[in-house]
Amino acid sequence: MAHRALVIAMLPAIALRLLAVLGFPPSILFFGDSFAFLREELAPGTTRPSGYSLLLAVLRPAHSLTLVTVLQHLLMLGLAVAVYALLRRRGLPGWGAALLVTPLLYDEFLILLEHMIMADAVFIVLVTVAILLVVWRVTPATAATGGLLLGLAGITRTVGLPLLILTAAYLLIRRYGWRPLVALLVAGAIPLGAYATWTKAEKGKFALTEADGNFLWSRTMSFADCSVIKPPERLAVLCPNMPVEQRPYPPHWLWESFSPLLKVPGTAHRNQLAGEFARQAILAQPGDYLAAVATDLTQLLRWERTAVDEKTPYKFPSDERPLNKSVRGIAESYEGGPAATRVVEPLAGWLRAYQRFGYVPFPLLMLALVGVLATALVRRRWDALLPGVAALALVVSPPFLAAFDVRYVIPAIPLICLAAGLTLGTRSPSRMESPETAREPLNVT
């Protein structure tokens with residue numbers, strides 16, 4: 001069998017996902033993002049775009065959170081097969097291609113995100129498939145499909161927006177011609193423009209969210225000193241009122257009662273003032289800003305994803321938790337019945353045990369990324385640079401815009417695997433895919 005190695009690798013991966021489905025029915029709910037996505041009233045999101053909510057709305061008539069999680073598990077398994085197929089096309093043997101997709105199949109955090117009612121798993125699939133299509137073969141059709149998927153990723157998580165620009169830059173630098181470039185940008189603009197128009201109609205502002213300023217302001221709470229910034233009176237209300245060494249991690253400044261952000265009335269007004277304050281703080285204290293980002297990025301050197309005794313939502317639960325009254329109705333309306341996560345032993349315990357070791361430590365992952373980028377440059381595997389640089393952007397950008405979170409690193413895993421395979425492949429893109437043949441001739445008549 002030509003693909004025996006992939007089949008062997010897939011079987012335990014399917015079993016792990018069955019443990020999630022049977023051990024933690026119907027899904028794992030992330031407080032309180034999951035309930036914002038599950039609301040019956042569809043509207044553009046304030047702090048996050050509602051692309052994932054649109055998918056949940058399509059599946060709502062089934063009244064099954066299990067359907068949602070099973071679909072997400074299947075999407076990730078399908079993604080692993082797609083990456084494997086491209087790597088085989090580029091000359092890797094079956095065992096080599098199967099080995100490189102094992103992180104997609106076995107990483108415990110990917111399995112956790114697939115089983116959560118969260119946008120991350122869908123976002124990962126959209127981004128990776130989009131870039132995979134572009135490096136598979138550059139044509140107007142593949143570029144348009146990739147652009148559309150990246151546009152959908154942008155309305156699923158805004159961190160996906162720079163990837164559309166990165167992909168356009170790749171096509172431009174590699175001189176693939178104007179048709180693929182235009183197809184990519186036009187297709188990508190369709191979902192983004194439609195969503196922003198929806199926001200304009202509902203909220204009066206042409207945008208994807210109304211929280212970009214809030215998040216950047218929360219980033220500055222790590223270092224902001226108003227005696228240095230000297231903000232005008234209208235922004236001074238956003239000055240932190242506690243010493244730097246006592247301040248909590250940036251995301252807490254968005255929601256907690258002590259936050260001065262909550263003193264500013266009006267969602268749009270608050271976001272505008274927060275953005276102005278943040279920009280002034282960064283310009284006044286650029287060294288402190290970069291130091292805060294660097295401190296966050298040092299967490300990539302941590303070997304353990306989560307410590308055994310660490311309180312974090314990024315673990316398979318050990319006991320059942322009843323839903324709060326404020327959100328129970330939202331989840332139960334979608335499920336058509338009880339929606340709290342149930343913990344079915346011993347299946348749940350087996351998956352919790354697997355979670356303690358079933359992952360690639362971040363230091364190894366980052367070492368692989370740096371090695372892939374360097375090797376791609378040396379071997380002139382230019383197509384490997386697109387997923388490699390995209391992975392780097394996904395890892396590095398959150399600490400600049402908000403804060404580091406373990407969850408934000410996970411979308412880079414499939415892209416690093418893809419880039420590694422393209423770097424190690426023995427075949428370059430075929431003549432049909434080369435820039436020389438894809439470039440459009442100039443019309444001089």
task: Determine the minimum heavy-atom distance between Leu163 and Ala393, stating which atoms define it.
output: CD2-CB, 4.4 Å
field: Ring centroid separation Phe109 to Tyr314 under 6.0 Å
entry: yes
message: Counting only heavy atoms from other residues, nucleotides and ligands, does the tally under 6.0 Å from CH2 of Trp95 exceed 12?
response: no
query: What are the two closest heavy atoms between Thr142 and Thr139, and how far apart are they?
result: OG1-N, 2.9 Å
message: Please identify which of these residues, Ile117, Thr341, Val70, meets the side-chain contact (heavy atoms from CB on, under 4.5 Å) condition with Leu65.
response: Ile117
query: Just wondering, do Arg352 and Ser318 contact through their side chains at under 4.5 Å, heavy atoms?
result: yes
- prompt: Do the charged groups of Glu310 and Arg302 touch, with an N to O distance under 4.0 Å?
  reply: yes
message: Is there a side-chain contact between Leu6 and Val101 in this structure, where contact means two heavy atoms from C-beta onward sitting under 4.5 Å apart?
response: yes
task: State whether the side chain of Trp253 and the backbone N or O of Pro248 hold a donor-acceptor pair below 3.5 Å, judged by distance alone.
output: yes
- line: Quick note, side chain to side chain donor-acceptor pair (under 3.5 Å) partners involving residues 384-401, not counting sequence neighbours, are none
- request: I would like to know whether His252 and Met221 meet side-chain contact (heavy atoms from CB on, under 4.5 Å); could you show each step before the answer?
  value: CA-CA 10 Å; His252 293 279; Met221 291 300 98; over 6 Å; no
Residue pairs fulfilling ring pair (Phe, Tyr, Trp, His ring centres under 6.0 Å) with at least one residue in residues 41-66, sequence neighbours excluded: Phe37-Tyr52
- prompt: Hey, does Leu422 have a side-chain heavy atom less than 4.5 Å from the side chain of Leu86?
  reply: yes
message: Can you confirm whether Tyr354 sits close enough to Phe316 that some side-chain heavy atom of one is under 4.5 Å from a side-chain heavy atom of the other?
response: no
- prompt: Would you call Arg157 and Pro411 a side-chain contact if the rule is heavy atoms closer than 4.5 Å?
  reply: yes
All ring pair (Phe, Tyr, Trp, His ring centres under 6.0 Å) counterparts of Tyr334, not counting sequence neighbours: none
message: Aromatic contact between Tyr84 and His3, with the criterion being ring centroids under 6.0 Å apart: yes or no?
response: yes
field: Any side-chain heavy-atom pair of Leu112 and Gln355 under 4.5 Å
entry: yes
field: Within 6.0 Å of CZ in Arg379, more than 12 heavy atoms from elsewhere
entry: yes
- line: In short, Leu87 meets Cys417 closest at the heavy-atom pair CD1-O, 4.4 Å
- prompt: Which pair of heavy atoms, one from Gly388 and one from Leu369, lies closest together, and at what distance?
  reply: O-CD1, 3.5 Å
message: Please give me the minimum heavy-atom distance between Leu254 and Phe215, naming the atom from each residue.
response: CD1-CE2, 3.3 Å
- prompt: Are Tyr289 and Arg219 close enough that some pair of their side-chain heavy atoms sits under 4.5 Å apart?
  reply: yes
- prompt: Any donor-acceptor pair under 3.5 Å linking the side chain of Ser50 with the backbone of Ala43?
  reply: yes
query: Is the backbone N or O of Gly213 less than 3.5 Å from a side-chain atom of Asn271, with the two atoms forming a donor-acceptor pair by type?
result: yes
message: Using the rule given for side-chain contact (heavy atoms from CB on, under 4.5 Å), can you reason through Phe206 versus Thr197, listing the C-alpha separation, both sets of side-chain angles and the distance that settles it, and then say yes or no?
response: CA-CA 6 Å; Phe206 192 79; Thr197 302; 3.5 Å; yes
query: So, for Ala97 and Arg88, which heavy atoms are closest and what is the spacing to 0.1 Å?
result: CB-CD, 3.8 Å
task: Start with the C-alpha distance between Thr47 and Asp33, add both sets of side-chain angles, then the distance that settles side-chain contact (heavy atoms from CB on, under 4.5 Å), and finish with yes or no.
output: CA-CA 10 Å; Thr47 60; Asp33 294 33; over 6 Å; no
message: Checking the side chain of Glu320 only, and the main-chain atoms of Val343 only, is there a donor and an acceptor separated by less than 3.5 Å?
response: yes
- request: May I ask you to say whether Glu210 pairs ionically with Lys203, meaning some side-chain N is under 4.0 Å from a carboxylate O?
  value: yes
query: Taking Arg17 as the fixed residue, which of His115, Met76, Gln72 is the one that meets the side-chain contact (heavy atoms from CB on, under 4.5 Å) rule?
result: Met76
query: Between Phe24 and Met116, is any pair of side-chain heavy atoms under 4.5 Å apart?
result: no
From Thr199, Thr158, Leu54, residue fulfilling side-chain contact (heavy atoms from CB on, under 4.5 Å) relative to Pro49: Thr158
